[in-house]
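The first residue in the sequence is number 1, and the count goes up from there.
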Amino acid sequence: MKRNLCLLYGIAFLQGMVFYSPVAVLYRQEAGLTLFQISVIESISLFLCFGLEIPWGILADKIGYRLTMGLCCLIYFVSKIIFWKAWNFQDFLLERIFLSIAVSGLSGVDITLLYFHAPEGKSQKVFGIYESMGTGGLLTAAVCFSIFLENHWRRAAFLTAAAYGLAFVLALFLGKPETQRAEKPSGKASKSPLKLSQNVLHAVIPSFLFFLSGAGFLAETRQYITVFLNQPQYIACGLSAGTIALLYILTQIAGMAGPWSYSLTKKLGIPLFSACCFLCPALLCFILAFTHSPLCSAICILGIQGFISLFQPLQTELQNRGISTPRRAAALSFQAMFLEVTSAVLEPIFGSLAQKNLGLAFSAGGFFCIGGFFLFLLWYIFFFRKPAEV
């Protein structure tokens with residue numbers, strides 16, 4: 001059990017080591033892509049992930065989570081090799097197709113393996129460590145880029161591919177979880193994908209969609225602000241590129257707050273802890289909408305990253321608690337699909353508002369966080385079954 005957890009942590013760390021991440025957009029532009037082409041590729045990738053979630057979840061429950069993890073890590077590795085060698089639109093589109101296949105396959109499978117291997121009552125803590133390992137890999141890669149690779153973007157892409165190759169090697173040594181054998185269904189249920197899909201859908205809707213919607217609002221707010229809106233805000237505040245790079249590293253550090261989620265949830269209780277994780281980012285979004293102070297902007301963006309990172313392990317824990325079918329990976333894939341749809345709906349709203357005024361986009365983030373909290377609260381009060389306190 002401990003060996004498998006260590007291997008999963010190692011895979012998360014290595015797959016977080018995207019050395020080119022500080023210049024990901026510039027890397028593509030250097031190869032001749034426009035911003036519009038980049039957005040088209042991202043849209044295709046999102047729809048692919050959505051379409052592949054159910055088939056991968058069903059396949060993972062049939063062939064086993066360990067084998068699925070290995071296949072997806074291999075596909076992920078191939079995608080990074082393609083990215084390293086990509087020089088035109090078709091190359092980058094092919095890379096994103098492979099990446100979408102890997103991401104949709106891993107969705108739910110890695111979490112399921114962690115859930116099976118986690119010690120009794122410690123799954124939320126394990127999820128927090130897993131999240132922080134991925135962020136730690138990204139942070140390590142960002143520091144290495146700023147010191148050694150600032151003018152060597154292709155080399156950074158090569159090192160990223162090498163890291164993903166090592167992650168695939170680690171996946172080959174994963175042991176089979178004993179719990180999987182007990183929970184894996186057999187007989188007619190395993191031969192009827194349609195009936196399986198109906199059973200899984202019944203297990204995750206309708207009440208749990210309140211929770212997933214709230215969590216989706218929160219996650220997309222963090223994604224859009226910390227990835228897309230932060231740099232324009234820093235530039236509007238008059239910060240240099242070097243300072244923005246430093247803040248990028250600090251943002252990754254703030255994203256490593258996950259391991260504290262378990263102890264804080266235990267101390268505050270789920271309702272109060274969740275209120276902090278939803279409403280504090282909302283307040284920080286509203287402050288961002290009106291401030292032009294570089295220090296205040298940096299504190300707000302780091303705070304949004306930190307608070308929402310704290311909520312993620314609890315979200316993963318509650319997602320697993322909300323599953324009442326033995327087809328756990330398939331159920332998690334359905335949940336991931338719903339979260340992807342939520343992101344797809346919110347992204348153009350953020351984008352159109354940001355095009356007019358950054359303040360409007362930040363204000364929208366604040367309202368999304370508040371709306372997400374009310375959805376979460378509605379689910380918690382009326383539908384949450386409390387087997388044991390986290």
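Annotation: Phe210 is not in aromatic contact with Phe382 [ring centroid separation under 6.0 Å not met].
Ring planes of Phe311 and Phe211: tilted class, angle from 30 to 60°. Classified by interplanar angle (parallel below 30°, tilted 30° to 60°, perpendicular above 60°), the ring pair Phe373/Phe278 is tilted. Classification of the Tyr130-Tyr9 ring pair by plane angle, with boundaries at 30° and 60°, yields tilted. Using bins of under 30°, 30° to 60° and over 60° for the plane-to-plane angle, the ring pair Tyr27/Phe83 lands in the parallel bin.
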Begin from the C-alpha positions of Thr291 and Ser297 and carry the test side chain to side chain donor-acceptor pair (under 3.5 Å) through to its verdict.
CA-CA 7 Å; Thr291 186; Ser297 296; 4.6 Å; no
Should Asp110 and Tyr65 be marked as a side chain to side chain donor-acceptor pair (under 3.5 Å) after you check the CA-CA gap, both sets of side-chain angles, and the distance that decides it?
CA-CA 8 Å; Asp110 54 349; Tyr65 305 139; over 6 Å; no
Applying side chain to side chain donor-acceptor pair (under 3.5 Å), run through Arg96 and Ser79 and close with a yes or a no.
CA-CA 7 Å; Arg96 217 62 186 174; Ser79 77; over 6 Å; no
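With a 6.0 Å cutoff to the six-membered ring centre and a 45° limit on the axis angle, Arg154 counts as a cation-pi contact of Trp87.
Crowding of Phe158 atom CZ: a count of heavy atoms from other residues, nucleotides or ligands under 6.0 Å not exceeding 12. Open room surrounds CZ on Phe98; 12 or fewer heavy atoms of other groups in view lie less than 6.0 Å from it.
A donor-acceptor contact shorter than 3.5 Å links the side chain of Arg3 to the backbone of Phe173. A donor-acceptor pair is defined here as one N or O able to donate and one able to accept, closer than 3.5 Å; no such pair exists between the side chain of Trp260 and the backbone of Gly128. At distances below 3.5 Å, at least one donor-acceptor pair connects side-chain atoms of Tyr164 with backbone N or O atoms of Gln15. Between the side chain of Ser274 and the main chain of Pro271, no donor-acceptor pair closer than 3.5 Å is present.
Following chains of ILVMFWY side-chain contacts shorter than 4.5 Å, one can reach Phe145 starting from Phe148, so the two form part of one hydrophobic cluster. Phe290 and Leu358 fall into different hydrophobic clusters, where Ile, Leu, Val, Met, Phe, Trp and Tyr are joined by side-chain heavy atoms under 4.5 Å apart, directly or via other members. Using a 4.5 Å cut-off between side-chain heavy atoms of Ile, Leu, Val, Met, Phe, Trp and Tyr, with links allowed through other members, Val143 and Leu159 fall into the same hydrophobic cluster. Hydrophobic clustering (side-chain heavy atoms under 4.5 Å, transitive across Ile, Leu, Val, Met, Phe, Trp, Tyr) keeps Leu284 apart from Leu295.
Note on residues 131-147: no pairs pass side chain to side chain donor-acceptor pair (under 3.5 Å), not counting sequence neighbours.
Ser213 has its side chain out of reach of Phe376: every pair of non-hydrogen atoms, C-beta onward, lies at least 4.5 Å apart. In this structure, Lys62 and Leu67 have side chains that are not in contact, with every pair of non-hydrogen atoms separated by 4.5 Å or more. Residues Ile11 and Cys73 are in side-chain contact: their nearest non-hydrogen atoms beyond the backbone lie under 4.5 Å apart. Inter-residue side-chain proximity for Leu8 and Met69 is flagged as met; some heavy-atom pair is nearer than 4.5 Å. Residues Tyr76 and Leu106 form a side-chain contact, since some pair of their non-hydrogen atoms from C-beta on lies under 4.5 Å apart. Between Arg28 and Phe92, some side-chain heavy-atom pair lies under the 4.5 Å cut-off. In this structure, Lys80 and Glu95 have side chains that are in contact, with non-hydrogen atoms separated by less than 4.5 Å.
In this structure, Ala282 and Gly366 approach most closely via the heavy-atom pair CB-O, 3.5 Å. When all heavy atoms are compared, the tightest approach of Ile249 to Ala142 is CG1-CB, 4.2 Å. When every heavy atom of Gln305 is checked against every heavy atom of Gly255, the shortest pair comes out as CG-N, 3.5 Å. Across all non-hydrogen atoms, the minimal contact from Ile225 to Cys285 is CD1-SG, 3.4 Å. For Arg66 against Leu174, the heavy-atom pair with the smallest separation is CD-O, 2.7 Å. The two residues Gly306 and Ala257 have their closest heavy-atom pair at O-CB, 3.9 Å.
In the model, Thr226 has no side-chain atom that pairs as donor or acceptor with a side-chain atom of Thr251 under 3.5 Å.
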